Amino acid sequence: MPMRKFVFAKIPGVVVWTALSCGCAAIPSPDGASGPEASRQSAPMSAGGLVRYTEEREACANRNPLRNAYFGDLHVHTTYSYDARPLGVTTVPSDAYRYARGEEILLPPYEQGGQPVAVRKVGPALDFAAVTDHAEFFGELALCVDAGSEAYGSRSCEAIRNGGPTAILVLVRGLSRDVPTRSADICGDDGARCIEASRTYWKRTREMAEAAYDRSSSCSFTSFVAYEHSASRDNNSYHRNVIFRNDKVPELPISTFEAPTDRELFDLLGVECLEGVAGCDVLSIPHSSNLSSGVLFTSAVDGSDSAQVAKVAARQRNVLEPIVEIFQHKGSAECYNGLPGILGGPDELCDMEELRRYYRGLPAEDNPPPFCGEGETGMGASLNAGCVSRNDYYRGILLTGLQTGRRLGANPYKFGVIGSTDTHLSTSGDVDESAWRGHTVSETDLGERLTPSPVHPIGLYTNPGGLAGVWAVENSRDALFEALKRREVFGTTGPRIQPRFFGSWDYAAEACESVAESGYAQGVPMGEDLPAGPTGSSPRFLVAAGRDLESAPLLRLQVIKGWVDDNDQAHYKVFDVAGDSESSGEIDPETGVWNGPGHDALCAVFEDPEFDPDEPSYYYMRAVETPSLRWSSRQCLELPSEARPAECENTAPGVIRELAWSSPIWYTPEES
C-alpha cells in the first residue's frame, strides 16, 4: 500500500391498497454501523437518543423524531479543481457555500471591461452542501500561482497559467496509469514539493467549510469538509467524493497518488481518519458509474481474493461506502435497457438523461455503445469510448451485490442513493431547467451549452444535475451524517420531491393516513433490511411521496424489484403502485403545458405478488412527475424566435420526466 511522505387507482395485476488481501484497517461491525443510532464516536446522545453528537454546537430548535427532509449538493467544484481553474473559474469554496445559501456571487460570462456577472441561486436555498474539489492537484495549482515557488517558472506551470484544455492535459496525463505520476518539473522527482504545497488549499477548504456552518440553534445551513478522490483508471471514471462527519480530519486529503484503488483508499481512510484522528469519521460516495466501463466496482467481484479476504473487504465497503450518486450533470446511472445477464422488460425511464445513448449521437440505435463481456472492463468511457457494463448502473450493481452476497455471505454493494450536480462553476444546487447556466465556463453561453461535445460530457446531452435528499432528525452535521451512513437518503433529478419508503410484513391500508408514524412503528425505513417474516407471508411496502410545489405535479409511484433466482439469474421488474400512466395525458411541446392528471401527493401499500422467500431481493421506489420541458427546449422557447441561437434546432429529447429515487430495502433469506 502506498505510504505518505509524512391516489389513486388500483393497478391491475398488483396487490395494492391505496389511501391518502485486504490490509483493512479496523472497521466496526457493519450491522452496528448501519443502524439508526450508529456511530464510532464515544460521545453523548441527544435527548431521546436520536443523534450522537461529536461536536460542540447549539441544540437545533427544529427537531423531528420522525425525520425532516433536507436537500443539498454533495458534489461541487471551485477554482481549487484542476478542471475548473484552467477554464476560467475564479470562485472559491466560500463562494459555493454563499451561492448554496441563496447569496449573490460573481460568475462568467464577463461583461465589457472584464467584469463578471452577479448571480443568485434560482429557487430556495440548500439545507446543506459539500465542496468536493479534486485533491489530486491542490499542490500543483498552489505552486503554479505562487511567483515565489521553486516550480513557478517550469514549463508545466506556464502551461497551467495559460489555461485551457492544454493546462488540464498537463495535469491529468499521469492519472490513468496503473501507478499515477505527477509532473516532475512542478513536484520534483519524489513529488514531495506538491504534497507539502497541497496543505494550503486543504487548509482553506477546511476553514471555509467551518465558516459556512451554522452552529446556532436555527441550524439553517450545514457544510461538510470534503474532497474528491479522482482516479481515472484506463480513462474511465473511478471517482469518489470523500465526506467527513465533522472538522476532525486528516492533515492532508488522501488522493489518487497515495491510494490508486478503492481498497487502498478505504485502508488509508481507516488508518488516517478512523484510527489516526480522534473523533474523525468519514464516508465515500462513488459517482459517474455510467462512464466507468465496469471499472468503478470490480474489486469485490473479480475473484482474485480468498473468500475470507473478500468478505472482510465487502464489510469494509458497507461501512465506508454506504451510498452512491445516481444522478448528476453527466446523466442518470439508474439503469440501461438490454444489459446482458439481467432479465426484465424495457423500462422507458431508463432512457431519461441516460448519457451513453446520446453521447455517441442520435439516433442512438445507429451507433450504440458495445456491451462489456462477462468479467470484462473497457477503456475510455470518460472520453466517449469503452463498453457498457451491467455494473455501471445502479440496478445492475445491486443485482451483482445480491449474487455476490449469496456466494460470499456478505453483500459488498448495499448502496443507498443521492443525486448532486458536479457543478464546476461553484453553483451548488443549480438544478433549475429554465435558469441553468451550464456546467463549465464555456457553457455559460446558451449556444455553447446547446452544442454537443464528441469527446467530453459537456453540452447538449448533459443536464443541470440533481439533489441529495436526507431524512434526518435535524439539520446538523451529526444528524445528516448518520442518515447518510444508515442510507436513509434519496436522490432527485432536481425537484424537491419527498419520497418515503418503508418495508414491513403487516402494513394495512390505513398506514397511508399517517405515513411516518406507521412506517417507523411497524417496519423499517429506506436503507435497511427486512427482518425475517412469518411463514407464508409476503413483504409489504409503504410507498409515498409529496410533490415539489415549484415543479410539476406527481404522475405515479413505482416500486422496482430486483432478485436472484435459484439458478443465480438476475431479474428486475417495475411495478406501478399509485397514480396514473403517461398515456392518461399529453404535453404541448411548444408551451410545456401538461393536459392530464397530476397529484400533490401519492401513497399506497404495495404487497409483492411474486415473492419467493428463497430469493434474495431488493426493492426501491421511484416517484415520477408529469412530463415537462427539458432545459434545451425550455430555454430556447423562452426567447423570442429571432433571438434563438441556431443550436436550438438539435436532436436532444425535448421532454423529460423529473424523478426521485429512494434508497432500497433488502430482503435476505434466512440460512437453512
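Everything quoted here is computed from the prediction, not taken from an experiment.
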Do [X] and [Y] have side-chain heavy atoms sitting under 4.5 Å apart?
X	Y	value
Lys414	Pro322	no
Val89	Leu425	yes
Asn475	Leu480	yes
Arg245	Phe224	no
Tyr97	Val92	no
Glu658	Asp548	no

Are [X] and [Y] within salt-bridge range, i.e. N to O under 4.0 Å?
X	Y	value
Glu55	Arg215	yes
Arg67	Glu488	yes
Glu210	Arg477	yes
Arg630	Glu433	no

Can you tell me if [X] uses its side chain to pair, donor with acceptor, with the backbone of [Y] under 3.5 Å?
X	Y	value
Ser420	Leu74	yes
Arg98	Glu104	yes
Asp214	Ser220	yes
Asp146	Leu143	no
Arg437	Thr427	no
Asp430	Trp436	no
Ser382	Ser237	yes
Thr256	Ala231	yes
Arg240	Pro286	no
Arg206	Lys203	no

Is it the case that [X] and [Y] place a side-chain donor and acceptor less than 3.5 Å from each other?
X	Y	value
Asp478	Thr54	yes
Thr451	Glu448	no
Thr421	Asp73	yes
Gln635	Ser434	no
Glu58	Ser216	no
Tyr336	Arg395	no
Ser332	Glu354	no

Atom [atom1] in [X], atom [atom2] in [Y]: separation rounded to 0.5 Å?
X	Y	atom1	atom2	value
Asn290	Asp392	CG	CG	7.5 Å
His77	Asp133	NE2	CG	7.0 Å
Leu141	His134	CG	NE2	10.5 Å
His456	Asn384	NE2	CG	11.5 Å
Ile323	His287	CD1	NE2	13.0 Å
Ile243	Phe128	CD1	CZ	9.5 Å

Inset, instruction - Could you please spell out the steps behind the salt bridge (charged side-chain N to carboxylate O under 4.0 Å, His left out) verdict for Glu550 and Arg496? - result: CA-CA 8 Å; Glu550 301 300 318; Arg496 299 188 178 207; over 6 Å; no

So, for [X] and [Y], is the gap between ring centers shorter than 6.0 Å?
X	Y	answer
Tyr620	Tyr394	yes
Tyr227	Tyr80	no
Phe297	Tyr413	yes
Phe137	Phe257	yes
His239	His229	no

Quick check: closest heavy atoms across [X] and [Y], and the distance to 0.1 Å?
X	Y	answer
Ile168	Asp83	CD1-CA, 3.9 Å
Met526	Pro499	CE-O, 3.4 Å
Arg233	Pro260	CD-O, 4.5 Å
Cys636	Leu450	SG-CD1, 3.6 Å

Inset, instruction - Specify whether Phe138 and Tyr201 have parallel, tilted or perpendicular ring planes, treating 30° as the upper limit for parallel and 60° as the lower limit for perpendicular. - result: perpendicular

Inset, instruction - Evaluate the side-chain hydrogen bond (donor to acceptor under 3.5 Å, both in side chains) criterion for residues Glu353 and Thr493: first the C-alpha distance (whole Å), next the side-chain angles of each, then the deciding distance (0.1 Å), finally the verdict. - result: CA-CA 9 Å; Glu353 297 292 4; Thr493 57; over 6 Å; no

Inset, instruction - Kindly indicate, with the supporting measurements, whether the criterion salt bridge (charged side-chain N to carboxylate O under 4.0 Å, His left out) is fulfilled by Glu103 and Arg120. - result: CA-CA 6 Å; Glu103 299 173 24; Arg120 191 181 297 270; over 6 Å; no

Legend entry - Derivation of the side-chain hydrogen bond (donor to acceptor under 3.5 Å, both in side chains) call for His439 and Asp422: CA-CA 8 Å; His439 169 67; Asp422 192 16; 4.7 Å; no

Inset, instruction - Assess whether side-chain hydrogen bond (donor to acceptor under 3.5 Å, both in side chains) is satisfied between Glu625 and Ser551, documenting all intermediate values. - result: CA-CA 9 Å; Glu625 282 190 355; Ser551 187; 2.8 Å; yes

